[in-house]
Structure formats: C-alpha cells, structure tokens
**Q** 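I'd like to ask some things about the structure below.
Within every chain, numbering begins at 1; the chains are lettered A, B, ... in the order of the sequence lines, protein sequences first and strands thereafter.
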Amino acid sequence: MTSNVRVRFAPSPTGKLHIGGARTAIYNWAFARANGGTFILRIDDTDPTRSTEQNTQIILRAMRWLGLDWDEGPEVGGEFGPYSQTERLDLYREAAERLLAEGRAYPCFCTAEQLSQDREAAQARKDPFQGYQRRCRDIDPDEARRRMDSGEPYTLRIKVPADRGDVVIRDAVHGEVVFDAKELDDFVIFRSDGTPTYNFATVVDDALMGITHVIRGDDHLSNTPRQVMVYEALGAPVPVFAHISMILGADGKKLSKRHGATSVEEYRDAGYLSDAFVNYLSLLGWSLDGETTVIPREVLAREFSLDRISKNPATFDPKKLDWMNAEYINRMDDETFVECILLPSLRDAGLIDEGFDADPSWLTALAAIVRPRTKMPADAAVVAAPVFATANTLVYDEKSVAKGLAKEGMGDILNAARAALEAISPKSWSAPAIDAALEPLPDELDAKKRIVFQAVRVAECGNMVSPPLGETMALIGRDDCLARIDRARSMAL
RNA sequence: GUCCCCAUCGUCUAGCGGCCUAGGACGUCGCCCUUUCAAGGCGAAGAUCACGGGUUCGAAUCCCGUUGGGGGCACCA
C-alpha cells in the first residue's frame, strides 16, 4: 500500500536525542508505516551556534538503534533534498525574496533598542497586544528598497493580511484550535544576518517537501498560527497537525537531567532493549485498545493511528520500562536470549572471553535458570557467576556464610551431602540425580529442610540466594561441586 | 499581562450520553507454587472521574465558569 502521506522528524542537533524527541520520532515513523507513507528525517540546524555535526551523528545513531528507518534524509538521500537546513539556505532566500516581491513580506529597519522600547511602552499602557507595532509595515516600497541597498541593516517580516479573521488549525489530537489573527504580529522570517528564523525555515521545508502531517511536540501549538501565515503567503497547502503532549518527570515537571537519564543512548547503554524501549515510549501518550501493553514494533507499524493519541501530558515511569524490558527478555526464544543477552552479559562481566565455546545444551540449561532472573542484561552475569567460578575462585558472601555455614552442625550436613553426591556416578551427574540424592538428607540428619539446603547452597554458590540447586550443580559439574564442599567444610562448624 | 492547551486509581491509560456500582497495565499488598531468589498462577486494596454550575429522562462523557498545571507571545529551535 502506498499513499501520499509524508511525515518528517526534524530534530535540531543542539544536543542528544532525548526521550521526548524519540517518542515524536516513533510516532512519525509508525504513522508513515501504518499508512504506507514516507518517513523523512531532516536536520534542523538553522542555529549554527548550538548545532554540531557530532550531535547529528549521535542522533542518527540513536535513530538506528531505535530501529526507525527513514525513507528520505541524511545518508539515504531523496528527491526533496538536501535534508539539512544549513544546505537549504538558498531555498529560504528564494522563498523570502518571492514573498518580498509579492508584498507578502516587508523589510523592517527597527533596531533592537527600538523594539524593546516599544514592548515596554505596550506593557506600561497595559496594551493586551505586546507584539511588534508594525512601524515599518507601511514604508514606501521604493524607499525601503533604497535603504536596503544603502546597506542599512534590516530584517524581513511576514505581513499578516489586515483582513485575516480567525486562524483555524486542524489538529488530529486537539480538534479545531482557533486563534484570533489579531494576536499575531508580523514576525521576523529573516534575520538581519541573512539567516532564516525557525518558523519560516520549517514551513518552507515542510511545504517544499510535501509534508502532509506534522506530528510534533505540544510546545509548537501556539506557534502554529504563525506558521499557517507562512503557508498561506507561500500559497502552499496547510498540512494536518498532531500536537502531542510533553513527557514529564515524576514530580510533574518537564523531564530533565534532574530526573536521571534523559537521552536515548543512556538507555541503550544501561542495557535496555530497543524493542522494549520503543514499546514503552509508544505507550506514553498512545494506546492500541486500552488493554494491550506489549505491542511489538510490527504491530505498532501496522496499527498506529493519530486518533488514539492522548491529550494528557505523561509522566515517565522507569519502573514500567523495567517491567517492559523483562517482558521482552522473557518472550525471546532460547537462542536469541543466549546470543543477545546471556553471552554479551558474561563477556561484559569478564566471566568468559571471546574464544568461549560451550556445549549448546549446557548453554540452554544455563539460560533456563538465568532468564527468569534477568530484568536487565547485567543481571544475567550476576546470576550465572557461581557457575563460572571454580572451587578456588568462588567468592563467598560473608553474611551468607555467617548465617548458613558457620554454625554448629553444618559440618555434619556437608559431610552427609558430600557422601550423597559422591555416590552419583560421573556419568549420571544431572539435576534430577542431584535432587534425588540430596532429598532424603533432612530426614536422615533430623534437620530442617531449609537449613540443610541452605548450607549446601552457600557451599556451592557462595550465597544464600541462587537458582535451584540441582540445576546449578549440574552445570557446575561433579568434581568442582565436591571440591566446593571440601572448601566450605573449613568454614563450617 | 495576554493567547492557547490540558485535567479518570501513585503512574500510563480505556471511556467519545444509558453497557460504568468506571475496564486494562505498571507499581503496592496477600495467597498458591517452593530448599533460597526469581519467574508463573490466583486475588485484594487503590479513582467522591479537579471543583462549581447548567443542558438532558439520564453526564466521566455536551456547555459555561473556577481552580490547578503546562506552553507560546524573541533577529532560540
């Protein structure tokens, strides 16, 4: 299915891609995919002082990690390029000159001092309108031309038509939003240094690129009537807008550094799965049916719709993100879990090296006990650590030893356990065999189940908390299990 | 100051006039499973639908106002 839907995500490279931007990108991407449209990535770098190439690269990398592939934009090109604003300066100049020639824009020679004076005066006389007072709007065009040619500094301002009534914006999430054109001032579209302003450049780009739907943050809603003025001056069709609410921190304030990680790549580095992250973010302000929470990206790309976007600002909840991540880990197939979570985690923790090789069935058995205990990839290594230790290198947790081993009678328990385990032949060393061997011990020793297994657990794993004993010991191997008991014996009384 | 937006469990949300004594998810709590920890299963608590007026036979849903939050009003984006 193809359609003429064209949407764009247009970050300005003044910083990293943050959570709010990522969510906007996801919505644009999903909307394009769901409608067989085109997803465009454009770099809005009109502010040369704050934009950097490095930030652009970080944003592209984050987009790739999120799995948001763009059809037109940096690196892939497209017939509406170039796709960064610094390369489009001529297009803005052309558009501005046309508007000037048509009398839809005019030069303004007011100085910054003059303007702030006017603003203060308006404030002082409690004028409800505190915008530009239109001093230069009626300067004779010929005189204006002379002053421009003489080198006098000027900006270009849009001329809001005198008879323009209400400006009605069609917004897919807010419905019709009405602004009184009287509130609009003749805002600057070109600075005196010859660069375009944001409100002008974006509209020129969106018009030239044939953008049909503008999905962006709520903070632009109040600017939209100004932009509509530019579309109309340009004679371009006005797109459908969809203004989405902001994402807040737990204190209800706009999400910022104070709330912890805000950039996409911090979440990647923390070990969050791209799929889980995208799923979680997509639900921050959108719902499929109000019931479903696990929504794989293919489903999102098929079912996303603007009319299910919520108007409320959403609070970012790290706990639910964690749950989502665990959910995706739990739903992986074994092979994926081993390749994408377990092995990398073990490597990062230094438990194995690049040349590590293990029997596939052994790895599957390890994965089976590790996976349900893995919320974040790093958890996997923590859980698996005892398996990768040896009797000599195993680290014994002090508290666990004190509580579970260094007590009266523990020596007897370990002796009995050792004997029972030794009775298992190397060939039949397995989880069921180990469980069967250990099972009668409490009765034989007339000791509590809890106490017996706790002692063996600490002896084998160095900790009172571990995955099930039989499975773990099967993975450790018979010889090392026996050796661990020997070592633990010296700690028991 | 002015304009615009928003308002349902702690959080994300469902709800678009009767199906709502308000549904789902996260979190919290309890129980089951169990040698520990998880995972899983079952269940519970939790929202006078911000408040006040209307409209209507009937309102979380429509209208007005109030309050509270947020955003814009720049030669920032």
**Q** Whole-Å distance between B:G71 P and A:L221 CG?
**A**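 Between P of B:G71 and CG of A:L221: 13 Å.
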**Q** Looking only at side-chain atoms of A:N199, point me to the closest of B:G23, B:A77, B:C4.
**A**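 Within the option list, the nearest is B:A77.
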**Q** Check the distance between B:G27's P and A:L283's CG and give it to me in whole angstrom.
**A**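 Spelled out: CG on A:L283 to P on B:G27 is 14 Å.
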**Q** Just to be sure I understand the rule, does A:V452 reach a base, reach only the sugar-phosphate, or reach nothing, if contact means heavy atoms closer than 4.0 Å?
**A**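 The answer is nothing, as A:V452 stays clear of every strand by at least 4.0 Å.
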**Q** I need the single residue from A:R226, A:K159, A:R137 that forms a side chain to side chain donor-acceptor pair (under 3.5 Å) with A:D186. Which is it?
**A**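 Of the listed options, the one satisfying the test is A:R137.
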**Q** Report yes if a side-chain nitrogen or oxygen of A:K311 is closer than 4.0 Å to either non-bridging phosphate oxygen (OP1 or OP2) of B:C6; otherwise report no.
**A**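 Looking at the OP1 and OP2 atoms of B:C6, one of them is under 4.0 Å from a side-chain N or O of A:K311.
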**Q** If we take the P atom in both B:U66 and B:C5, what is their distance in whole Å?
**A**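 It comes out at 14 Å once rounded to the nearest Å.
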**Q** Let me spell it out: for each of A:Q85 and A:T292, pick the nucleotide of RNA chain B with the closest heavy atom. Which residue's pick is nearer the 5' end?
**A**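 Taking each residue's closest nucleotide, the earlier one in sequence belongs to A:T292.
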**Q** Between B:C75, B:C4, B:C12, which nucleotide gets closest to the side-chain atoms of A:L284?
**A**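 Nearest to the side-chain atoms of A:L284, counting from C-beta on, is B:C12.
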**Q** Under 4.0 Å between a side-chain N or O of A:N312 and OP1 or OP2 of B:U8?
**A**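 Indeed, a polar side-chain atom of A:N312 lies that close.
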**Q** When rounded to the nearest Å, what value does the distance between C1' atoms of B:A50 and B:C6 take?
**A**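 Nearest-Å result for B:A50 against B:C6 at atom C1': 12 Å.
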**Q** Using the P atoms only, state how far B:G52 lies from B:C57, rounded to an integer number of Å.
**A**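 Nearest-Å result for B:C57 against B:G52 at atom P: 23 Å.
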**Q** A:F109 ring centre to A:R147 NZ or CZ under 6.0 Å, with the angle to the axis within 45°?
**A**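 Judged by the rule, A:R147 and A:F109 form a cation-pi pair.
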**Q** Think A:T14 has a side-chain N or O under 4.0 angstrom from the OP1 or OP2 of B:A77?
**A**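 No, no such contact exists.
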**Q** Taking the inter-plane angle between the rings of A:H243 and A:H174 on a 0 to 90° scale, is it parallel (under 30°), tilted (30 to 60°) or perpendicular (over 60°)?
**A**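 Plane angle between 30° and 60°, so tilted.
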**Q** Using a 4.0 Å heavy-atom cut-off across all strands, classify A:R308 as base, sugar-phosphate, or nothing.
**A**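 Here A:R308 touches the backbone only, sparing every base.
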**Q** In whole Å, what is the span from the CG atom of A:N279 to the C1' atom of B:A25?
**A**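 Roughly 11 Å, once rounded to whole Å.
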**Q** Over all strands shown, is A:D219 touching base, sugar-phosphate only, or nothing at heavy-atom distances under 4.0 angstrom?
**A**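 The answer is sugar-phosphate, as A:D219 gets under 4.0 Å only of primed atoms, P, OP1 or OP2.
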**Q** Scan residues 446-461 of chain A for pairs that pass side-chain hydrogen bond (donor to acceptor under 3.5 Å, both in side chains), counting only residues two or more places apart or in two chains.
**A**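 Listed once each, the pairs are A:R457-A:S466.
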**Q** Of all the choices, B:A25, B:U2, B:A77, which nucleotide is nearest to the side chain of A:K320 once you look at every atom?
**A**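 Nucleotide nearest to A:K320's side chain: B:A25.
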**Q** Give me the distance, rounded to whole Å, that separates B:A38 from B:G24 when you measure between the P atoms they each carry.
**A**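 Result for the P pair: 26 Å, nearest Å.
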**Q** Would you give me the side-chain donor-acceptor pairs under 3.5 Å for residues 202-209 of chain A, sequence neighbours excluded?
**A**
{"unit_1": "A:T202", "atom_1": "OG1", "unit_2": "A:Y198", "atom_2": "O", "d": "2.4"}
{"unit_1": "A:D205", "atom_1": "OD1", "unit_2": "A:R88", "atom_2": "NE", "d": "2.6"}
{"unit_1": "A:D205", "atom_1": "OD1", "unit_2": "A:R88", "atom_2": "NH2", "d": "3.2"}
{"unit_1": "A:D205", "atom_1": "OD1", "unit_2": "A:Y92", "atom_2": "OH", "d": "3.0"}
{"unit_1": "A:D205", "atom_1": "OD2", "unit_2": "A:Q85", "atom_2": "NE2", "d": "2.8"}
{"unit_1": "A:D205", "atom_1": "OD2", "unit_2": "A:Y92", "atom_2": "OH", "d": "2.7"}
{"unit_1": "A:D206", "atom_1": "OD1", "unit_2": "A:R8", "atom_2": "NH1", "d": "3.0"}
{"unit_1": "A:D206", "atom_1": "OD1", "unit_2": "A:R42", "atom_2": "NH1", "d": "2.8"}
{"unit_1": "A:D206", "atom_1": "OD1", "unit_2": "A:R42", "atom_2": "NH2", "d": "3.3"}
{"unit_1": "A:D206", "atom_1": "OD2", "unit_2": "A:R8", "atom_2": "NH1", "d": "2.5"}

**Q** Give A:R371 one of three labels, base, sugar-phosphate or nothing, depending on what nucleic acid heavy atoms sit under 4.0 Å from its own.
**A**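 It contacts nothing in the nucleic acid.
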**Q** Return the pairing partner of B:U28 with a 3.5 Å limit on both distances, Watson-Crick or G-U wobble; otherwise return none.
**A**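 Pairing partner, where one exists within any strand: B:A44.
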**Q** In whole Å, measure the gap between the P atoms of B:A7 and B:C16 for me.
**A**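 It works out to 16 Å between them.
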**Q** Residues in ring pair (Phe, Tyr, Trp, His ring centres under 6.0 Å) with A:F9, at least two apart?
**A**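 Ring pair (Phe, Tyr, Trp, His ring centres under 6.0 Å) check on A:F9 returns nothing, list empty.
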**Q** How many whole angstroms separate atom CG of A:D307 from atom C1' of B:A14?
**A**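 In whole Å, B:A14 C1' lies 14 Å from A:D307 CG.
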**Q** Between B:G69 and B:C26, how many Å separate the two C1' atoms, rounded to a whole number?
**A**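 24 Å, rounded to whole Å.
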**Q** Once you round it to whole Å, what is the distance between P of B:C73 and CZ of A:R157?
**A**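 It works out to 13 Å between those atoms.
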**Q** Applying a 4.0 Å non-hydrogen cut-off, can you work out what A:S12 is touching in the nucleic acid: base, sugar-phosphate, or nothing?
**A**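 The residue A:S12 makes sugar-phosphate contact but no base contact.
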**Q** Does the cation-pi check pass for A:R371 over A:F337, that is, NZ or CZ under 6.0 Å from the six-membered ring centre and within 45° of its axis?
**A**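 Judged by the rule (NZ or CZ under 6.0 Å from the ring centre, within 45° of its axis), A:R371 counts as positioned above A:F337.
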**Q** Do the side-chain N or O atoms of A:H220 get closer than 4.0 angstrom to the phosphate oxygens (OP1, OP2) of B:A77?
**A**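 Indeed not, no polar side-chain atom of A:H220 lies that close.
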**Q** Using atom CE of A:M246 as one end and atom C1' of B:A77 as the other, report the distance to the nearest whole Å.
**A**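 Whole-Å distance recorded here is 12 Å.
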**Q** List for me each residue that meets ring pair (Phe, Tyr, Trp, His ring centres under 6.0 Å) alongside A:Y132, sequence neighbours excluded, and say none if there are none.
**A**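 In terms of ring pair (Phe, Tyr, Trp, His ring centres under 6.0 Å), with neighbours along the sequence ignored, A:Y132 is linked to no residue.
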**Q** Sticking with atom C1', work out how far B:G10 lies from B:U28, rounded to a whole angstrom.
**A**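 It comes out at 9 Å once rounded to the nearest Å.
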**Q** Is any side-chain N or O of A:T197 under 3.5 Å from a base N or O of B:C75, one able to act as donor and the other as acceptor?
**A**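 By the distance-only test, no, there is no pair.
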**Q** Nearest whole Å is fine: how far is B:C75 C1' from A:Y106 OH?
**A**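 So the OH-C1' distance, A:Y106 to B:C75, works out to 14 Å.
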**Q** Is there a side-chain contact between A:T315 and the phosphate of B:C12, meaning an N or O under 4.0 Å from OP1 or OP2?
**A**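 Answer yes for this pair, as a side-chain N or O of A:T315 is under 4.0 Å from OP1 or OP2.
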**Q** Take A:F316 and A:E176, find for each the nucleotide of RNA chain B with the closest heavy atom, and name the residue whose nucleotide sits nearer the 5' end.
**A**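 Of the two residues, A:E176 wins.
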**Q** Mind checking who B:C73 pairs with, Watson-Crick or G-U wobble, both distances under 3.5 Å?
**A**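 Paired with B:C73, as far as the under-3.5 Å criterion goes, is B:G1.
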**Q** Listed by chain and number, what are the ring pair (Phe, Tyr, Trp, His ring centres under 6.0 Å) partners of A:Y272, not counting sequence neighbours?
**A**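 Only A:Y267 meet the ring pair (Phe, Tyr, Trp, His ring centres under 6.0 Å) criterion with A:Y272.
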**Q** Which nucleotide wins on minimum distance to the side chain of A:D317, given the candidates B:G10, B:C5, B:G71?
**A**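 Closest nucleotide among those given: B:G10.
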**Q** For B:U21 versus B:U36, give the span between their C1' atoms, rounded off to a whole number of Å.
**A**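 To the nearest whole Å, 44 Å.
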**Q** Could you write nucleotides 31-47 of chain B as a row of B, S and -, 5' to 3', where a protein heavy atom under 4.0 Å of any base atom gives B, of only sugar-phosphate atoms gives S, and otherwise -?
**A** ----BBBBS--------
**Q** For A:T293, which contact category applies under a 4.0 Å heavy-atom criterion: base, sugar-phosphate, or nothing?
**A**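 Sugar-phosphate: the residue A:T293, judged by heavy atoms under 4.0 Å, touches backbone atoms but no base.
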**Q** Need one value for A:G404: base, sugar-phosphate or nothing, where a base atom within 4.0 Å counts as base even if backbone is also close, heavy atoms only.
**A**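 If one applies the 4.0 Å heavy-atom cut-off, A:G404 turns out to touch nothing in the nucleic acid.
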**Q** Pick base, sugar-phosphate or nothing for A:C461, based on heavy-atom distances below 4.0 Å to the nucleic acid.
**A**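 A:C461: no heavy atom of the nucleic acid under 4.0 Å.
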**Q** Could you tell me whether A:R93 and A:D90 make a salt bridge, using a distance below 4.0 angstrom between a side-chain N and a carboxylate O?
**A**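 Yes.
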**Q** Is the shortest side-chain N/O distance from A:N223 to OP1 or OP2 of B:G72 below 4.0 Å?
**A**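 A:N223 to B:G72 OP1/OP2: no side-chain N or O under 4.0 Å.
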**Q** May I ask you to say whether A:K182 pairs ionically with A:D180, meaning some side-chain N is under 4.0 Å from a carboxylate O?
**A**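 Salt bridge present between A:K182 and A:D180.
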**Q** In whole angstrom, what separates A:Y132's OH from B:A74's C1'?
**A**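 In whole Å, B:A74 C1' and A:Y132 OH are 14 Å from each other.
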**Q** Any strand counts, and the cut-off is 3.5 Å on both contacts for Watson-Crick or G-U wobble. Which nucleotide pairs with B:A7?
**A**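 Partner of B:A7: B:U67.
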**Q** Closest approach to the side chain of A:S222, judged atom by atom: which nucleotide of B:G71, B:U13, B:G27 is it?
**A**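 Closest nucleotide among those given: B:G71.
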**Q** Only pairs with both distances under 3.5 Å count, Watson-Crick or wobble alike; so what is the partner of B:U36 in this structure?
**A**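 Checking every strand shown, B:U36 finds no partner, since no pair has both distances under 3.5 Å.
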